[in-house]
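I have placed the structure first, in the form of structure tokens, so that the comments after it can refer back to it.
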Amino acid sequence: MSKVFEDYFSEFQADIVSICLEYVSEKADKVYIYCSHEMGLISNDFFYNINGKVVERHKLNDALVTDNQRVNFAYDVSVERQKGVVQIINNDIKEIINVCKEYNREMPTEMKIVYDVKQNKLTAEYKYDLVYTNDLVKTAGDIAMEWFEQIHKEHSAQK
């Protein structure tokens with residue numbers, strides 16, 4: 001049986017999730033990934049829920065503090081590792097663009113992917129309209145940060 005569009009699309013999404021899981025040594029409760037492609041611009045960001053705390057990728061070790069005690073583990077949040085993950089995600093977005101072109105499908109301008117590690121469940125939300133390039137001030141980074149702040153606020157309200 002030959003592959004269809006959805007198979008390729010899903011494979012690249014799975015690769016995006018996989019590299020984000022690798023970045024945290026698979027030690028996270030949830031992974032949040034923002035992917036954007038507008039007007040030829042590609043962007044991404046990712047953050048996590050670890051030990052009940054929603055944290056940005058460079059602040060993972062903040063989630064390891066419990067009752068003023070640190071665990072005997074530390075995430076490698078070096079700039080080099082972050083850049084490597086960003087580059088892999090950008091390459092996967094480029095591959096999704098190519099698959100969309102090949103199968104004559106519309107490329108999402110925005111993908112918000114949430115992977116629940118404990119439940120092994122992926123959910124994704126797609127937009128096809130311009131999100132930030134028609135805004136005089138906002139960038140893809142601003143939109144990603146707004147999503148982070150929204151998730152952080154929602155999570156804090158649940159406690």
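For the single chain, residues carry numbers from 1 onward in sequence order.
Under the ring-ring contact (aromatic ring centres under 6.0 Å, His included) criterion, the residue pairs touching residues 75-98 are Phe73-Tyr75, with sequence neighbours excluded. Applying the salt bridge (charged side-chain N to carboxylate O under 4.0 Å, His left out) rule to pairs touching residues 23-38 yields Asp29-Lys118, sequence neighbours excluded. Sorted by first and then second residue, the ring-ring contact (aromatic ring centres under 6.0 Å, His included) pairs with a member in residues 105-147 read Phe9-Tyr126, Tyr32-Trp147, Phe47-Trp147; sequence neighbours excluded.
Taking 4.5 Å as the limit, every side-chain heavy atom of Val31 sits out of range of all side-chain heavy atoms of Val114.
Using modelled atom types, no side-chain atom of Asn120 and backbone atom of Val117 make a donor-acceptor pair closer than 3.5 Å. No donor-acceptor pair closer than 3.5 Å links the side chain of Asn61 to the backbone N or O of Ala74.
Side chains of Glu146 and Gln150: a donor-acceptor N/O pair is absent below 3.5 angstrom, by distance only.
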Inset, instruction - Check the pair Glu102 / Asn98 against side-chain hydrogen bond (donor to acceptor under 3.5 Å, both in side chains), numbers first and verdict last. - result: CA-CA 6 Å; Glu102 182 180 337; Asn98 291 337; over 6 Å; no
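In this structure, Ile33 CD1 and Asp92 CG are separated by 10.0 Å, a value rounded to the nearest 0.5 Å. Taking CG of Asp45 as the start and CG of Asp142 as the end, the distance is 11.0 Å to the nearest 0.5 Å. Atoms CD and CD, from Gln13 and Glu95 in turn, are 14.0 Å apart once rounded to the nearest 0.5 Å. A distance of 6.0 Å separates CD1 of Ile89 from CD1 of Ile16, quoted to the nearest 0.5 Å.
By the salt bridge (charged side-chain N to carboxylate O under 4.0 Å, His left out) test, Lys153 is found to be paired with no residue, residues two or more places apart in sequence or in another chain being considered. By the ring pair (Phe, Tyr, Trp, His ring centres under 6.0 Å) test, His152 is found to be paired with Phe148, residues two or more places apart in sequence or in another chain being considered.
With hydrophobic clusters built from ILVMFWY side chains whose heavy atoms lie under 4.5 angstrom apart, Met111 shares a cluster with Val17.
With side-chain heavy atoms closer than 4.5 Å counting as contact, directly or through intermediates, the hydrophobic cluster containing Leu130 also holds Met39.
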